[in-house]
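Written below as structure tokens is the structure these notes are about.
Note that the coordinates shown come from a computational prediction; the quantities given were computed from them, not determined experimentally. Per chain, numbering begins at 1; letters A, B, ... match sequence-line order.
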2 protein chains.
Amino acid sequence: MPDTDHPYSNHVEPARTPDNVIKALSIDNLIFGLDHGQLDVMLIKHREGISKGRWGLPGGWIRYDENLRDAASRHLHELTGVQNLYLEQLKTFGRLDRFPSERVVTIAYYALVSAEDYSLVAGNNAADASWFNIRELPELIYDHAEILQYGIEFLQQQVRRRPIGFNLLPEKFTLLELQELYESILGTKLDKPNFRRKIMKMNLLASCEEKQQGVAHRAAKLYRFDEQAYQALTEKGFSFEI
Amino acid sequence: MPDTDHPYSNHVEPARTPDNVIKALSIDNLIFGLDHGQLDVMLIKHREGISKGRWGLPGGWIRYDENLRDAASRHLHELTGVQNLYLEQLKTFGRLDRFPSERVVTIAYYALVSAEDYSLVAGNNAADASWFNIRELPELIYDHAEILQYGIEFLQQQVRRRPIGFNLLPEKFTLLELQELYESILGTKLDKPNFRRKIMKMNLLASCEEKQQGVAHRAAKLYRFDEQAYQALTEKGFSFEI
DNA sequence: AAGTCTTGTGGTCAAAAGGACAATAAGGCA
DNA sequence: TGCCTTATTGTCCTTTTGACCACAAGACTT
């Protein structure tokens, strides 16, 4: 074995380009939204580069002097106009042939939002930016279909174990909206009275002391997710389970 | 914004070194083992390079033409002699200053094994390789303490939700050994009769039709984890919960 | 104003799961 | 044999879950 193969020895500066990115390393964002009870994902159509005119996840290169999450936020903002989203790391994908012509490893981040809160604006580098229902996707570049599939399965698991689903709803929501969210993601039917009891017993919802407006039936109470209560319960070893 | 900042445009080959590694990207392995009911982690002492003589996680650079998991396996083998471990991706760490002098992003992998099955042999590139109790760790290089901490917390969560704990035990084990494993990782006490009922009801254990040998009391039956049964149950949507 | 449709909200009940703890069995050892 | 330790089974009670019923509250129709 050559001496140069020692771990962390043999330093050579990574390649830098005029805009100072690490050329072997990219970010891809998976932004999920809920629209009319259906799970959507945010995609962009590339304006330039080798994938011009095709749809893919909003992402791009990581700069040499930029933290990973910052890179994820920057690309999301530049490509879709969306800002101030809390992005969580999902997984790193690095199959040898995932990117054409050279080796690129990509770190996937994800976030969950209420789709109706975000009107997308294609940035300078994107020809288009739009929400897509996860069951009606266009063909995606590179291995983005694989990344998306992984993200959807991850979401289905996580949503039962952690109260991340609330991020997909507007600030104020009804119990039925919450239930339909879970039914939509999990692909099951849930019993209404039982669901509401289960949720309410967790003490994670705070009443807004308000009711729905303009519905053609009895208006439901509005609730919001009580972040503080969740923090307090988490520290006591509480575990969210649907 | 310069034209060169377009996502995935502006191709430049990544830096390559004589041994053909990507210099911005490394692997670090978290190998957990159980020894006398205590959780251990595998560390190596570096022989060369900028961290010579100090302890760290077994890892190193990723080659340009090597898949991520293959890189993880290769480094583990070269540094500790351990082979054929199923490594699972944990998380990618990329803080700007995590590595001295240049930007390096590292992908952490982990595995769980029965510590007694693995006698470590320091490879050519390691001055030493050894198990350490996670409560009695030496000072670690770079951000390896942070990575390890993340891994331990991840393990505590996962062990309750997926039957990964079995990997920490020998092929054949008693129910009490299994219980003590959970007590050790979770830091709690569990009721023996209730624990055994809960486990047995899952139908994940196959009896070895054998008993413990050489114990100074009634010998317990030996069981092994039934991989097939687990696969079958998983497909039916079974969820493991302790 | 009465009727009816839709959705919200509370209740019941039986089955299942969980947890505390007593009781018995098996094997080694003095 | 009696004693000690751990394995294993049993019992009882509480909590949780899931299925389903019933009624309440608006809003719309006629």
Has A:Gln179 got a side-chain atom pairing as donor or acceptor with A:Leu190's backbone, closer than 3.5 angstrom?
yes
Please report the interatomic distance CG(A:Asn29) to CG(A:Leu57), rounded to the nearest 0.5 Å.
8.0 Å
Suppose the criterion is side-chain hydrogen bond (donor to acceptor under 3.5 Å, both in side chains): which pairs have a residue in residues 155-168 of chain B, not counting sequence neighbours?
A:Glu241-B:Arg161
With sequence neighbours left out, which residue pairs that include part of residues 127-140 of chain B fulfil the side-chain hydrogen bond (donor to acceptor under 3.5 Å, both in side chains) condition?
B:Gln38-B:Asn133
Heavy-atom pair of closest approach, residues B:Ala71 and B:Ile62:
CB-CG1, 4.1 Å
Nearest-nucleotide check on DNA chain C, B:Pro193 vs A:Tyr223; residue mapping nearer the 5' end is A:Tyr223
For chain A, the stretch of DNA chain C it reaches, first to last nucleotide, under 4.0 Å of its heavy atoms:
C:dT6 to C:dT12
List, one per line, each side-chain donor-acceptor pair under 3.5 Å for residues 201-219 of chain B, sequence neighbours excluded.
residue, atom, partner, partner atom, Å
B:Ser207, OG, B:Glu209, N, 3.0
B:Glu210, OE2, B:Lys172, NZ, 2.5
B:Gln212, OE1, B:Ala220, N, 3.0

Salt bridge check: are B:Glu146 and B:Arg95 linked by an N-O gap of less than 4.0 Å?
yes
Between atom CG of B:Leu233 and atom CG of B:Asp226, what is the distance when rounded to the nearest 0.5 Å?
9.0 Å
The first and last nucleotides of DNA chain D lying within contact of chain B, meaning any atom under 4.0 Å from one of its heavy atoms, run from D:dT5 to D:dT11
Does B:Glu171, at its CD atom, have more than 12 non-hydrogen atoms belonging to other residues, nucleotides or ligands within less than 6.0 Å?
no
Mind listing the residues from residues 198-221 of chain A sitting with a heavy atom below 4.0 Å of DNA chain C? Number order is fine.
A:His217, A:Arg218, A:Ala220, A:Lys221
Looking at B:Tyr150, does the NZ or CZ of B:Lys91 lie under 6.0 angstrom from its six-membered ring centre and within 45 degrees of the ring axis?
yes
With a 4.0 Å cut-off on heavy atoms, is B:Leu175 in touch with a base, just the backbone sugar-phosphate, or nothing at all?
nothing
